[in-house]
Amino acid sequence: MELVEYPDREMLSLSLADRIASQLAQNLRSNDGASLCLPGGTTPIPVLETLSGTDLEWDRITVFLGDERWVDGEHPRSNSRLLRRHLLKDKAAAATYIDLYTRDAEPEEAESKLAEALTPLFPITVTMLGMGNDMHTASLFPDADQLAQAMAADAPLVMAIRADGAGEPRITLTRRALENSMNIHLLIMGRDKRETLERALKLDPSEAPIRAFLDNATVHWAE
Ligand SMILES: O=C(O)[C@H](O)[C@@H](O)[C@H](O)[C@H](O)COP(=O)(O)O
């Protein structure tokens, strides 16, 4: 695990956006397209805003979330709504976006269609992850109903999942889908999440799902 500490949150956001852009551009020098997997939640917003104005060949980049709350795209809790408001505008509007949510369906019904759409994009070029203070990442919650299946080596790429701490039913990329990303960045801010990270390092992924990704991740942190 590489841990990068920044003097402030603005420096973190600018530096992480720049690193992600460089990794995408590097990939595009030798591949037809690149893929970018992003977390929901609020911490990434400044990184998304910076990326949206970054000069990249966005028309060759496919963007998708690592997880989604199973709510309509205009619902305040929608991660897709977050991406549309903070990333998929300005230069990044040219990106291809794969929405994990399907209206008038259960998340279980979307699994196979999403796996089919996402498979050509693996291994993911750049994955950014967030983390909750319960040590979940994406929607891999410690108390999730199907966590063991979602963390298994033979898991499908995408799974519906439910957890008391999750709010709505979720759809999530699984450990297998995320851990093979070419570049993994974990973005955390604040003292509480830093302490949570230190705890997670000592735990098994079954208790601390984020632990499954730390060995191959660059962790970006500011107070
Ligand atoms: O749908 C979600 O909630 C996210 O994908 C989730 O995994 C998020 O990254 C963490 O909950 C951290 O969220 P914050 O950055 O808002 O603290």
Seminar exercise, completed: Val4 and Arg19 have their tightest heavy-atom pair at CG2-NH2, 3.9 Å
Problem set entry | Value rounded to 0.5 Å, distance of CG in Leu178 from OG1 in Thr127 | 5.5 Å
Exercise. Are Arg175 and Phe213 close enough, and set up right, to give a side chain to side chain contact (heavy atoms under 4.5 Å, CB included), and what steps lead you there?
Worked result: CA-CA 8 Å; Arg175 173 179 182 171; Phe213 306 97; 4.2 Å; yes
Problem set entry | Qualifying residues under salt bridge (charged side-chain N to carboxylate O under 4.0 Å, His left out), relative to Glu108, sequence neighbours excluded | Arg162
Problem set entry | Glu49/Arg85 under salt bridge (charged side-chain N to carboxylate O under 4.0 Å, His left out): CA gap, chis, key distance, verdict | CA-CA 9 Å; Glu49 286 286 345; Arg85 289 181 63 181; over 6 Å; no
Exercise. Is Asn79 reaching over with its side chain to a backbone N or O of Gly41, donor-acceptor style, under 3.5 angstrom?
Worked result: yes
For this session: Kindly determine whether Asn183 and Asn27 satisfy side chain to side chain contact (heavy atoms under 4.5 Å, CB included), including the steps that lead there.
Result: CA-CA 11 Å; Asn183 301 279; Asn27 185 269; over 6 Å; no
Problem set entry | From Leu38 atom CG to Leu129 atom CG, the distance as rounded to the nearest 0.5 Å | 10.0 Å
Exercise. Are side-chain heavy atoms of Thr196 and Ile188 found at a separation under 4.5 Å?
Worked result: no
Exercise. Which pair of non-hydrogen atoms, one from Asp67 and one from Ser139, has the smallest distance, and what is that distance?
Worked result: OD2-OG, 2.6 Å
Exercise. Does Ala105 offer a backbone N or O that forms a donor-acceptor pair with the side chain of Trp70 under 3.5 Å?
Worked result: yes
Seminar exercise, completed: One should read off an interatomic distance between Phe122 CZ and Met182 CE, to the nearest 0.5 angstrom, of 11.0 Å
Could you tabulate the donor-acceptor pairs under 3.5 Å formed by side-chain atoms of residues 10-18, not counting sequence neighbours?
from, atom 1, to, atom 2, distance (Å)
Ser13, OG, Arg9, O, 3.0

Problem set entry | Atom pair CZ/CG of Arg84 and Asp99 - distance to nearest 0.5 Å | 6.5 Å
Problem set entry | Electrostatic pair Glu195:Arg199 at N-O distance under 4.0 angstrom | no
Problem set entry | From CA spacing to verdict: side chain to side chain contact (heavy atoms under 4.5 Å, CB included), Met151, Ser206 | CA-CA 8 Å; Met151 298 291 279; Ser206 59; over 6 Å; no
For this session: Could you tell me whether a side-chain N or O of Arg60 sits under 3.5 Å from a main-chain N or O of Asp32, the two making a donor and an acceptor?
Result: yes
Exercise. Could you go step by step and tell me if Asp55 and Lys91 meet the salt bridge (charged side-chain N to carboxylate O under 4.0 Å, His left out) rule?
Worked result: CA-CA 7 Å; Asp55 202 2; Lys91 293 187 172 72; 5.5 Å; no
For this session: Can you see which heavy atom on Tyr97 is nearest to which on Phe64, and at what distance?
Result: CE1-CA, 4.1 Å
For this session: Determine whether the side chains of Asp90 and Ser52 contain a donor N or O and an acceptor N or O closer than 3.5 Å.
Result: no
For this session: For side chain to side chain contact (heavy atoms under 4.5 Å, CB included), just list the numbers for Ile161 and Asp145, CA-CA rounded to whole Å, side-chain angles, deciding distance to a tenth of an Å, and then say yes or no.
Result: CA-CA 6 Å; Ile161 201 162; Asp145 58 352; 3.5 Å; yes
Exercise. Under the 3.5 angstrom rule, does the side chain of Ser181 hit a backbone N or O of Ile184 as a donor-acceptor pair?
Worked result: no
Exercise. Can we say Arg103 and Asp72 salt-bridge, meaning some charged N sits less than 4.0 Å from an Asp/Glu carboxylate O?
Worked result: yes
Problem set entry | Polar side chain donor-acceptor pair, His185 to Gln23, under 3.5 angstrom | yes
Exercise. Which heavy atom in Arg81 sits nearest to a heavy atom in Pro76, and how many Å separate them?
Worked result: NH1-CA, 3.6 Å
Problem set entry | Nearest-0.5 Å distance, CG of residue Leu118 to CG of residue Leu157 | 7.0 Å
Exercise. Checking Ser35 side chain against Thr125 main chain: does a donor-acceptor pair fall under 3.5 Å?
Worked result: yes
Exercise. Would you say Pro156 and Glu111 make side-chain contact, with heavy atoms under 4.5 Å?
Worked result: no
Exercise. Got a sec: does the CD of Glu168 have more than 12 other heavy atoms crowding it under 6.0 Å?
Worked result: yes
For this session: Write down the atom of Gly165, the atom of Phe141, and the distance for their closest heavy-atom approach.
Result: O-CE2, 3.9 Å
Exercise. Side chain of Ser78, backbone of Glu74: donor and acceptor closer than 3.5 Å?
Worked result: no
Problem set entry | Heavy-atom pair with the smallest gap, counting every atom of Arg170 and Pro107 | O-CB, 3.9 Å
Seminar exercise, completed: When rounded to the nearest 0.5 Å, the distance separating CD of Glu179 from OG1 of Thr174 is 8.5 Å
